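Structure, as structure tokens:
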Amino acid sequence: MSKPTDELFKNVISHAKEYGFVFPSSEIYDGLSAVYDYGQNGTELKNNIKTYWWKAMVQLNENIVGIDSAIFMHPKIWKASGHVDGFSDPMIDNKDSKKRYRADQLLEDKIDRYDKDGQTDKAEQLQIEMDKALKNDDLLRLKELIIAHEIADPISGTRNWTDVRQFNLMFSTQMGAVADDADLVYLRPETAQGIFVNYLNVQKSGRMKIPFGIAQIGKAFRNEVIARQFIIRMREFEQMEMQFFVRPGTQKEWFEHWKTERLKWHLALGTGPEKYRYHEHTKLAHYAESAFDIEYEFPFGFKEVEGIHSRTDFDLSQHQKFSGKKLQYFDPEINQNYVPYVIETSIGLDRMFLLTLINAYQEEDLSTDEKQDSRVLLRLHPCLAPVKAAIFPLTKKDGLPEKARQIMDKLKIDFNLQYEEKDAIGKRYRRQDAIGTPFCITVDHQTLEDNTVTIRYRDTMQQERVPADQLEKIIGDLVSWKNVLSI
RNA sequence: GCGGAAAUAGCUCAGCUGGUAGAGCAUCAGUUUCCCAAACUGAAGGCCGCGGGUUCGAAUCCCGUUUUCCGCUCCA
């Protein structure tokens, strides 16, 4: 625990790779920037986190249902949502000050200055030229204009500019055989819009009454300018989102409701509350009325894990406008039609995964006076552990493996288990510690006599002898979702 | 995208001023012990990130490139 934090983070990344949690994508081809793959244990852990969220949101709330919308969506959706216009700015960097500017804003500033200096001709002409270049997406021309009009960086005062580049956060591709502008589709940069455009479908087919929510887990894609810090910011990532539709005027109380509910969900896993905090946005996004982040203290500082946003009726209204379809709700209680307001909870699955891994990772010193000893373990909540239990025959002979297999075969229908007979028993325990297996079951000679086994607990390293018949119940209780969902 | 650093076995790293790759742990096969790792025997594993250059000869020097990390920047 006293280790320097960046060393801890490094160790977690190494551990994640060594034990099959996370691999760099396309590694044998040198990797692909900011893209990662989940390995055999990582996938199990990630699936368990998804299950925990899905149960907490969809299964336990009668007024929340889940959907799975397509990654490809009608291009107009991103116009309506504001993603297309908000993210196609021509940017230029000054090489000396290392500052980045919007090329069109630099030119606008220059036009203003021309105007002030009474050079209205020049101002007008530049305005026309700029508009033309912007309209044609002529980035080269924009740079020419900046050079020709001798625009200098206000900070460094130099005119040492890079080329003008278009920064569009959305990945695009062509749909259909003909590469035509009309066939341009985007990979969704957020899953939320898939919920908004299905709002009416779900409301009608599910006979949902406001307030109600729609949940979704799915991939989203953002062409980040720079993506770093392992899986904190990836170009392809997974979100777990819920949009909660409420009557206008009640959004404040629902916002508070979900703010507390969501933090409870995090804390139920046993993470220390001091590791979490709320962070209020002061600079709000175009759609938001108010926004809070739930932040977790990573080794490199507090980072957003989940956002709770009050999105007003912005999205539904926009889609109503762009699609021409009414997206309203008739509220029989007040006898009124309205576009619902929306409270969004949006959690980054990959960040949640990393949080879980970092929080669980522990290097423990077990040294005694006689012997130096230590172990690395993942103190994962049993509900989330990739492998629920491991089964070991104490030795490879005397029929112990056969007996262990028998027990294993019965249990593996309900639980993800591992069987191991290689190496000394202590070594096998330690191997399971490293992937966070909460329980190890050992079959020994006594098992053959009275059908009891020992169960060894990861966190305490204590053992207990129990009848083999009861294993299903014992493990079942320990890994039950009740342990986190009924808090 | 800019600046800095790095890249050698699955992991952590060594490899001096250029002379055809090494350790510990991990892995695999076997032996021994049997309830908490590092015991014994053996094995496997590396285009020294990739490409080019200098040289009789490059992991080592130079250039480019990719990836990662740290700052700045970006994150609707």
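What you see is a predicted model, and the numbers here were worked out from it, not measured in a lab. Every chain is numbered from 1, with letters handed out A, B, ... down the list of sequences.
Taking atom P in both A38(B) and C11(B), the straight-line distance is 23 Å, to the nearest Å. Distance check on atom P: U12(B) versus A26(B) gives 15 Å, rounded to whole Å. U55(B) and C40(B) are spaced 48 Å apart, taking the C1' atom of each and rounding to whole Å. Nucleotides A14(B) and C75(B) place their C1' atoms 40 Å apart, quoted to the nearest Å. Look at the P atom in both G42(B) and A5(B): the space between them is 45 Å, to the nearest Å. Comparing the C1' positions of A9(B) and C70(B) gives an interatomic distance of 27 Å, to the nearest angstrom.
Remark: the Y296(A) side chain and the N359(A) side chain contain an N/O donor-acceptor pair separated by less than 3.5 Å.
As a whole-Å value, the separation of D30(A) CG from U66(B) P is 11 Å. What separates CD of E420(A) from P of C28(B) is a distance of 8 Å, to the nearest Å. The distance from atom CZ of R375(A) to atom P of A38(B) is 16 Å, rounded to the nearest whole Å. Going from atom NZ of K427(A) over to atom P of A37(B) covers 10 Å, rounded to whole Å. Taking atom CZ on R431(A) and atom P on A26(B), their separation rounds to 9 Å, with Å as the unit. Between R428(A) atom CZ and A37(B) atom C1' there is a gap of 13 Å when expressed in whole angstrom units. Between the CG atom of L394(A) and the P atom of U33(B) there is a distance of 12 Å, rounded to whole Å. Here the C1' atom of nucleotide C34(B) and the CG atom of L400(A) are 11 Å apart, to the nearest Å.
Of the listed nucleotides (G10(B), C35(B), C28(B)), G10(B) has the atom at the smallest distance from the side chain of K17(A). Listed nucleotides: C34(B), C75(B), U27(B). Nearest to the side chain of T395(A): C34(B).
Within the 4.0 angstrom heavy-atom criterion, no nucleotide atom of any strand lies near D433(A). No contact: A434(A) has no heavy atom under 4.0 Å from any strand. Nucleic acid contact class of F230(A) (heavy atoms, under 4.0 Å, all strands): sugar-phosphate only. P189(A) comes within contact range of at least one nucleobase, with a heavy-atom separation under 4.0 Å. Using a 4.0 Å heavy-atom criterion, one finds that S14(A) contacts the sugar-phosphate atoms exclusively. The residue Q229(A) sits close only to the backbone: its heavy atoms come under 4.0 Å of sugar-phosphate atoms, none of a base.
The pair R379(A)-E364(A) counts as a salt bridge, with a side-chain nitrogen and a carboxylate oxygen less than 4.0 angstrom apart.
Nearest-nucleotide positions on RNA chain B place Y19(A) closer to the 5' end than the other of Y19(A) and M461(A). Across the interface with RNA chain B, nearest-nucleotide mapping of A424(A) and V35(A) shows A424(A) to be the residue nearer the 5′ end.
Between H281(A) and H279(A), the ring planes lie tilted relative to each other; the angle falls in the 30° to 60° range.
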Would you sketch RNA chain B in dot-bracket for me? Only Watson-Crick or G-U wobble pairs with both distances under 3.5 Å count, crossing pairs as [ ], other-strand pairs as |, the rest as dots. (((((((..((((.....[..)))).(((((.......))))).....(((((..]....))))))))))))....
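Judged by distance alone, the side chain of Q243(A) and the main-chain N or O of V342(A) form no donor-acceptor pair under 3.5 Å.
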Show which side-chain atoms of residues 402-412 of chain A pair as donor or acceptor with protein atoms under 3.5 Å away, not counting sequence neighbours.
residue: K403(A); atom: NZ; partner: N451(A); partner atom: OD1; Å: 3.0
residue: D409(A); atom: OD1; partner: K412(A); partner atom: NZ; Å: 3.3

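The base of C36(B) is not paired with the side chain of D373(A) by any donor and acceptor separated by under 3.5 Å.
P393(A) and E421(A) get closest at one heavy-atom pair: CG-CB, 3.8 Å.
F72(A) CZ: 12 or fewer foreign heavy atoms inside a 6.0 Å radius.
Judged as a salt bridge (Lys or Arg N to Asp or Glu O under 4.0 Å), the pairs with a partner in residues 424-435 of chain A (not counting sequence neighbours) are, in order, D373(A)-R430(A), R375(A)-D433(A), E420(A)-R431(A), D423(A)-R431(A), D433(A)-R456(A).
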